[in-house]
Every structure is written in C-alpha cells, then in structure tokens.
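One structure follows; several queries about it will come next.
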Amino acid sequence: MDYLKGLNESQYEAVTTLEGPLMVLAGAGSGKTRVLTMRIAHLITNGVDPFNILALTFTNKAAREMKERIAKVVGESDARSLWMGTFHSVFARLLRSEAHYLGFPSNFTIYDTQDSLNVLKKVLKEMNIDSDVYKPKKVLGRISQYKNNLITVNAYFNNPEIIEADERANMKLMGEIYRKYVDTCFRSGAMDFDDLLLRTNELLTRFPEVLAKYQDRFRYILVDEYQDTNHSQYLIVKALASKFENICVVGDDAQSIYSFRGANIYNILNFKKDYPDAHTVSLEQNYRSTQNIVNAANVVISKNLQQFKKNVFSENEEGEKIKIYRSLSDADEANFVASNIWEIRNREQRKFEEFAILYRTNSQTRAFEDALRKRNIPYRVYGGLSFYQRKEVKDLIGYLRLLVNENDSEALLRVINYPARGIGETTQNKLIVFADQNNISIAELLSNLGFYAPRLGLNNGVLNKLGEFWSMIKAFQVMLKQDNVYNVAMEVSKRSGLIKLLKDDQTPEGISRVENVQELLNSMQGFLEEQQQLEDGDASLSNFLENIALSADTQRNDDEEDMVSLMTIHLSKGLEFPVVHLVGLEENLFPSFMSSSSREELEEERRLFYVALTRAEKQAFFTYAISRFQWGKITDAEPSRFLSEIDSEFLEFINPAMERRTINRSGLSSSIFDEAPSAETPFFKKKEAKRTIGSTPKEEAVPKNLKPVATARIINPSGQSSQDIEVGDHVRHDRFGVGEVIFLDGTDPNNIKAKVHFANEGEKNLILKFAKLTKI
DNA sequence: CCTTGGCACTTTTTT
DNA sequence: AGTGCCAAGG
C-alpha cells in the first residue's frame, strides 16, 4: 500500500477511517482530491466492491479527473465500475432505469435552462399572464427554489406560508404557473435540472423497495464539495446513507460559492448534528501556495462571520508579494495581463499552461482574447457560451430530441416551423391549446391527425403540411432504428431543409452557423467512433443527447496543449496554476452589483475571492480598471473593496505613479511592462474549452482483468492492410492522436482489446478491429 | 403566414 | 454591442 506513504497525519486518518460517518474539512490546497482518491483506492484494496461505492462530485471536470487518478491506483476496470459523477448525471442515470415508477419514459428528455425558460414563456402566454410582471427568469428562479426545497405542486398548495409569501411578492399566480409548468414538462416526458434531484427524492420516498435497493448497493458514499450541496441533494445523500452510514463528506465552508443555485452551507455546518458520532478530520496544511498567498487569503476570509475555525497555513517559501496593477480601461488591463504573461514566461522559462486569467463574469473574456491574440499567445476559454447553446446547433438537436422522445413538445414546437413550412403561430397555438385541453401531447395529436382534424378548425392546406411534417419525423425515426446517429443527423439536417436554409445566408455569421452545424455533425461522428471502439460503449442517440445536456461543453481535445487558461472563478474551483491573474477587481463587478445588498451575498463574493486567490501557487496579480466599456458605454469604476481588505504587507503596487501620468489615448500602459512581444511567431491558435487540464497520467497500474498478450494483428474493418502490433508500440489514432500500447487482451482475433495511453486523451480501451490504429 | 426593422434589455456565477 | 422580442407591412 505504497499509496499511503507520503500522507500527513490528518490525511492518513481521512483515508483510512473507512467505516461510519466522516467529515473532512479540507482547506484550500490541502490535498483534498488526493485524499478522496486514496480513500476510494483504499476501500477497494480493503475488499470493498467498487460496485458498492458512490462518489458524487460537483462538476464533470472533477469527476473525470478523479476517476483517472483512481484508475492509476486500482486499475481501469475497478475504477469503471464505481458510480462517480455529478449529482445530476448520476441520478439521471438512476432515474432512467427507474423512470417507470414515476410515470416517465426511460428516454425522458433533460431540459437545460434555456429549454425550461422557453416552456415557461409558453405557459405564461397560454395563461394570458403579463410576463412583465411575471418575469420568466424570476418565475423560473422561484420554481427552482421550490423544487430544491422539495416543495412539490401539492406541497405548495398545502403550505399557506409560501402562498402568502408569493402574494406579498405580488405573485399570487405562482402556484398555478408552477402547476402548469410541471404538467407541461411531465406530458413532454421531460425533466429539468432540478427535477433530476427532486424526482430522485420522490422515487426514494415513495417507493421503499427502490430505496432499499440503492441503499444496499451504495454502501459507501463519498460527497465532494459538500458545502455546495442544496437541500434536495442533501436529502438524497441522507436517505441513501441512512442504512450503513458509511458516508464521507469533504468540503470547505470557506469555498461555498453556489448559493445562487440553492447550495446550503448549513449542510456542512450541521453535519455533526445529523451524525452525532461523526468523525471529523481537518486538513489545514496548504501544500499549494506560498505563505504570502495563503496568509493574504486568510486575512480576507476572516472578514466573514459565518465559518468554522480553521487554521490554514503553508510551510512553502514565503514567496513574492501579490502585485496590483491599476489600469485605465478594460483594454489596458488586458494588454497589461497579456504582456505580463509574455514577460514572465520568458524571464522564468514558464509554459503558457502555467498561467490563468480568472474573472467574475463571462463577458470579461473578450478583451483578454483580443490582447492575447494580438501577441500570438495561445489561450483557451473555458465555459462561456456553450457550443450547444447556439441557436443553429439547438435547432438540429431539437430535431434529434424529437426523434428520441416525440412527446417533447418544446423540441417539437422549436422545429415544426423551422425551416418555415407554413405552420405558423396561429396553427401552433391551436395545436397547443387542443393538446392541452384533451390532455394529450402534440405528438399524439399529430399521430392521429385524421381523427382529431374535425375538431381542430384548420384548413386542408395546413392539415396537409402538418401531415407532411409528421411523416418526415416518422421517417427519421424509422431510419434511426436501422442506422447510426451520424447518418441520421446528416439526413435530418438535409431533408428538414436546415442546411439549405443556413447555406443560403452568405453573411459571415451565416457561414459560421453552417460551420457550427458541421461541427456538431463531426462531434457526432467522433462520439460514434469512440463509443464503437469502447468495449462498453453506447452509441445511441439518447446517450449522445444526455451527454450534451449534462456537460456544458464536451469539446474535443486537440494537439495544442500549452495554452493560457481563461475562465470564471466558479469554474476554477479545484484547479491550480503557478501564476494567476485575477482581473476586474472593481466594485459592482467583483463583488457583483447583484450581490452587494446583503451581508450573506457579500460573504459569498468574498469566498469567491478566496477561491480565486488560493488557485495561485507562486504568484498572483490583481488588476482593476478605472473605467470599463460596459453595456455599450464607458462606465467609471472604483477598486474592489476586497483589495482594501488585504493588509498592505502582502501587496505591492506595480504602477504607483499611475495617477500622475497623462492618460494616453491608445489606452496602452507604458510602465515597467511595455514591450509587447512581436507577432511574428504564428503559434497562436484559438481553442474551445476542453475538459481536462494539464496533468497527463504517467505511471500505469496493471488492470486486474486483462490478460496480457504479446502481440496482436491490427485488422482493419475494411480488411485491407494489417500489421502486427505489440505492447510498447507507438500508434496513431484518428481522433485520439498519438499513444502507446500498454496492454493487449484476448485470443479471438476479432475481439482483441487494446489499452492505449494517448498523450492527450489519457487511457482508452479500444477494440482493435474497429479502432483504426496505425503503428508509428 | 412570413419578413423586416426598431426597440429594449442585457451580465453574475452552473448542473 | 449583441440578441431577442414585438409590431407593422407584404
């Protein structure tokens, strides 16, 4: 058990205390992920079947990274059979197999926020409710709150307090809207994000046999980022853990930053009340950052009233002071950061991937993209407007969703007249109202159009068009049964007229829309190949759709690795970078103007600041601008209050003479960091977000179930060329790039599995027959 | 029924 | 500045 070596005392305790409730309070940089990983490995080495372990993380990124690390210790196959993922993805999976209990189809659609909003808008319209008073976003937010607190529609109407609260807020129709929204989703066979948790709760409370089944299955439960769980998540965990009470929660109250989506910091603060005999371990030594950074972060977070007593310390070098740069404008700020990165990289021989630019809002990215591009500095933007949220992409996905679940009326209405085929708003409204009144879905209505036609009040022309549309959809569905997702999507985009419509638009935007659709199709082909090659792959359309619904950006990896990372602070949680630039430190931006009204909100912003600062290992830079281009005009800004909360002993001002300088019109600063790098080296390449950062796995553990085979023959599906391949060979794969063969398994030449470690993608298990590997 | 042009609103953060 | 929504005209 050499993995236990090198753990400090508290880490060791957290890893080896396997039975009973355990709370690990892990300060920033204290090796939390390592502890979680080792703990799971330790469970498995101690004979716990990975099948009985449930590990819940907060983001897909975290889940993936941890799974990779665990695989290195216990082997890929064990790692694969544990249930690990975000709450949403794990319970979506569980709900798929138990959906019938709740009257949902197992292929239910998952609505993202945009979908929910569209549904809600239609509901408001149908109910003739003024959406100026009932602002859809606000209404949806309230519904989300209900759901996260397990207030179902019935519970709502039995709860005078809430009804009264809504009345006081001048929203006395909330109950009816809520009911109608839930009904609509149900009839569409769809769940929104909150439903995935709420319905899981419903399932576990209403059906004791289901609860018992999963209690028995998940004997060991681990929850990461416990401080960010909401009430609904809390109850699921509690229910599942109540039989064996082998529950380990890991978190840091100082890093709770998701209360806007219902995270309840009291879940972690009250853990000891829920489990009186719980063991508590505190990890307080920070191994990540310099003393200066840790101490400065401590000072800031100490301004919050609500927290555990904790003493995070670092024994690393003292390190450099945090440098503050005051800029004239957002463009100036970005230019400084870009030049600074360039300069430090050259001076200290660092790689671009060691730098991060962190900001409060996604809209701040643009200026930095411009500045970096100007200097040919490669960068990658994480998060932001997801590819899958673009209109043209959603349109095609709308068709695909309709094929999988034809009751999904949101998808249906999205595509029924796009491209325009003469089924306008009036007709659509008739369909909606009729379906609603007869308590059927629009799909049922269209499937029995002849039967319902006399009562619909539509003319023959329109009826024909409806019939044509629906038989086109039916034809696609038939095709889906026989053909693969890529071919079907291709056919859909052609026959629906989508591609033609987009191609007719020759403006630059139009061209980029065509490219986006093309990229979606490419990604489907990639998905298809990948799933076909993985031995436990699932190449179904519904699997593809689920993947994109629950992970905002499943973008492909690519060759270029060494890039500066740009992301929001929220996304940066759990990551670390040698040099961090924390930008836009201005009042009303950070802290956000939306969060300056109450102490609670402000404390969350402060925790956010804490998270940002503690991402830095060696150096941190703070920047702010005195004016900023915002909402189409220039706005003056003041430095963030957080800056003044840090003792000056930790800080150093880069441009103290700034005030006296005349403002130069170019907005470029000319202080000590002038010299912009020349633009002659053309290695700049813009990349979309990818999921994993840095760390390529190096050592390999021998998987238990694979028997080594010395050599195997590559057989192409086409059967043309074949070549011998053996362990240790370097191979090239169309999508995954270059990698090394670690393992071969199987005697049947048609079914030889190869485990390949790709430089960019990590390990993959491939079926040799399908994977087009070339020896290099 | 569809297209166009003007106008209002936007930006907090994510599953 | 960019997007989405609505009203009016074709």
Side-chain angles (χ1 to χ4, degrees), chain A residues 56-63 85-92 110-118 121 125 131-132 135-137 141 144 147-148 191-198 225 228-230 232-233 256-263 330 358-367 382-386 388-391 417-429 458-459 461-462 465 509 546-553 567-573 584 588-597 601 604-605 607-609 611-612 628-635 689:
Chain A
L56 296 165
T57 61
F58 213 65
T59 62
N60 295 299
K61 199 189 284 177
T86 61
F87 274 88
H88 290 86
S89 66
V90 163
F91 295 115
I110 298 171
Y111 281 169
D112 65 19
T113 313
Q114 220 178 81
D115 300 323
S116 305
L117 217 48
N118 289 340
K121 280 180 195 162
K125 202 165 159 195
S131 54
D132 284 339
K135 294 222 181 341
K137 270 193 184 156
S144 174
K147 287 186 175 178
N148 285 329
M191 297 198 198
D192 63 20
F193 285 138
D194 300 318
D195 281 332
L196 294 176
L197 307 172
L198 176 64
E225 310 282 10
D228 280 327
T229 50
N230 64 32
S232 193
Q233 292 166 322
S256 166
I257 54 174
Y258 280 100
S259 70
F260 70 90
R261 70 181 220 203
D330 44 351
L358 306 181
Y359 36 79
R360 180 64 178 83
T361 66
N362 281 308
S363 60
Q364 287 165 262
T365 28
R366 173 153 306 186
Y382 291 78
L385 296 177
S386 164
Y388 296 107
Q389 281 168 22
R390 291 176 201 184
K391 183 180 177 303
N417 197 34
Y418 191 84
R421 46 177 77 87
I423 306 172
E425 207 187 315
T426 329
T427 309
Q428 288 178 35
N429 283 337
L458 294 169
N459 65 42
V462 172
K465 286 172 188 161
E509 302 85 48
E546 174 155 339
N547 281 340
I548 62 178
L550 290 176
S551 62
D553 48 316
M567 66 186 87
T568 62
I569 301 165
H570 282 88
L571 270 181
S572 76
K573 191 158 74 156
N588 295 326
L589 182 58
F590 190 20
S592 160
F593 64 96
M594 299 292 291
S595 308
S596 328
S597 53
E601 288 175 332
E604 175 146 321
E605 295 285 310
R607 290 192 293 270
L608 203 47
F609 183 87
V611 168
R628 183 171 288 279
F629 200 69
Q630 229 174 355
W631 296 290
K633 52 174 187 268
I634 292 168
T635 344

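Please read all numbers here as calculations on a predicted model, not as lab measurements.
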Fill in: Side-chain (A/N118) to main-chain (A/D115) donor-acceptor, under 3.5 angstrom
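It does not hold such a pair.
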Fill in: Closest to the A/S363 side chain, choosing from B/dT14, B/dT11, B/dT15
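The answer is B/dT11.
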Worksheet, complete the sentence: Only residue of A/E601, A/E604, A/E605 satisfying side chain to side chain donor-acceptor pair (under 3.5 Å) with A/S595 is A/E605
When you compare the protein's N or O atoms with those of nucleotides 1-5 of chain B, which come within less than 3.5 Å of each other, and at what distance?
from: B/dC1; atom 1: OP1; to: A/G424; atom 2: N; distance (Å): 3.1
from: B/dC1; atom 1: OP1; to: A/T427; atom 2: OG1; distance (Å): 2.6
from: B/dC1; atom 1: OP2; to: A/T426; atom 2: OG1; distance (Å): 2.5
from: B/dC2; atom 1: OP1; to: A/N417; atom 2: OD1; distance (Å): 3.4
from: B/dC2; atom 1: OP1; to: A/N417; atom 2: ND2; distance (Å): 3.3
from: B/dC2; atom 1: OP1; to: A/G422; atom 2: N; distance (Å): 2.9
from: B/dC2; atom 1: OP2; to: A/N417; atom 2: ND2; distance (Å): 3.3

Fill in: C1'-based separation of C/dG4 from B/dT13 [nearest Å]
22 Å
Discussion item. Mind checking if A/K573 touches a base, just sugar-phosphate, or nothing, with heavy atoms under 4.0 Å?
Written reply: nothing
Worksheet item: Within the structure shown, what part of the strands sits under 4.0 Å from A/Y258 by heavy-atom distance: base, sugar-phosphate, or nothing?
Response: sugar-phosphate
Worksheet entry | Mutual orientation of the aromatic rings belonging to A/F590 and A/F609 [parallel < 30°, tilted 30-60°, perpendicular > 60°] | tilted
Discussion item. Under 4.0 Å, heavy atoms only, any strand: does A/N362 hit a base, just the sugar-phosphate, or nothing?
Written reply: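 Sugar-phosphate contact only - A/N362 comes under 4.0 Å of backbone atoms but never of a base.
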Worksheet item: Earliest and latest nucleotide of DNA chain C, 5' to 3', sitting under 4.0 Å from a non-hydrogen atom of chain A?
Response: C/dA1 to C/dC5
Worksheet item: Do you know which two heavy atoms are closest between A/Q428 and A/I423, and how far apart they sit?
Response: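 Answer, listing the atom of A/Q428 first, then A/I423: NE2-O, 3.1 Å.
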Worksheet item: Tell me: CZ of A/F193 to C1' of B/dT15, nearest whole Å?
Response: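 So the two atoms are 5 Å apart, to the nearest Å.
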Worksheet item: Under 5.5 Å between ring centres and under 30° between planes: does that hold for A/F260 against the base of B/dT13?
Response: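 Taking the rule of under 5.5 Å and under 30°, the ring of A/F260 does stack on B/dT13.
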Worksheet item: Does A/K573 make a cation-pi contact with A/Y258 (under 6.0 Å, within 45 degrees of the axis)?
Response: no
Discussion item. Any base atoms under 4.0 Å from A/F593, or only sugar-phosphate, or nothing? Heavy atoms, all strands.
Written reply: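 It contacts sugar-phosphate atoms only.
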Item to complete: Please answer whether the main-chain N or O of A/N588 pairs with a side-chain N or O of A/S592 as donor and acceptor at a distance below 3.5 Å.
Response: no
Fill in: Atom pair distance, as rounded to whole Å: OH in A/Y111 and C1' in B/dT15
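Going from OH in A/Y111 over to C1' in B/dT15 covers 17 Å.
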Discussion item. Using heavy-atom distances to pick each residue's nearest nucleotide on DNA chain B, tell me which of A/Q630 and A/T86 is more 5'.
Written reply: A/Q630
Worksheet item: What is the distance from CD of A/E605 to C1' of B/dT11, rounded to the nearest Å?
Response: 13 Å
Discussion item. Please report the distance, rounded to the nearest Å, between CZ in A/R261 and P in B/dT13.
Written reply: 13 Å
Fill in: A/R366 CZ to A/D330 CG distance, which is reported to the nearest 0.5 Å
11.5 Å
Worksheet item: Base, sugar-phosphate, or nothing: which does A/L608 touch, judged by heavy atoms less than 4.0 Å apart?
Response: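 Nothing, no heavy atom under 4.0 Å.
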Item to complete: Find the distance A/K135:NZ to B/dT10:P and express it as a whole number of Å.
Response: 8 Å
Discussion item. Between the base of B/dT15 and the side chain of A/T113, is there a donor and acceptor pair under 3.5 angstrom?
Written reply: yes
Response to the item:
Atom NZ of A/K633 and atom P of B/dA8 are separated, to the nearest Å, by 14 Å
Worksheet item: Quick one: is B/dT14 close enough that its OP1 or OP2 comes under 4.0 Å of any side-chain N or O from A/T568?
Response: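 True: A/T568 side-chain N/O within range (under 4.0 Å) of B/dT14 OP1/OP2.
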Discussion item. A/T57 vs A/E225, test: side-chain contact (heavy atoms from CB on, under 4.5 Å). Steps then yes/no.
Written reply: CA-CA 7 Å; A/T57 61; A/E225 310 282 10; over 6 Å; no
Worksheet item: Ignoring hydrogens and geometry, is there a side-chain-to-backbone donor-acceptor pair from A/D228 to A/I257 under 3.5 Å?
Response: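 Side chain of A/D228 to backbone of A/I257: a pair is present.
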Discussion item. Please give me the minimum heavy-atom distance between A/L550 and A/F193, naming the atom from each residue.
Written reply: CD2-CE2, 3.8 Å
Worksheet, complete the sentence: Atom CZ of A/F629 and atom C1' of B/dT11 are separated, to the nearest Å, by 15 Å
Worksheet item: Starting at NZ of A/K137 and ending at P of B/dT14, how long is that distance when rounded to a whole Å?
Response: 13 Å
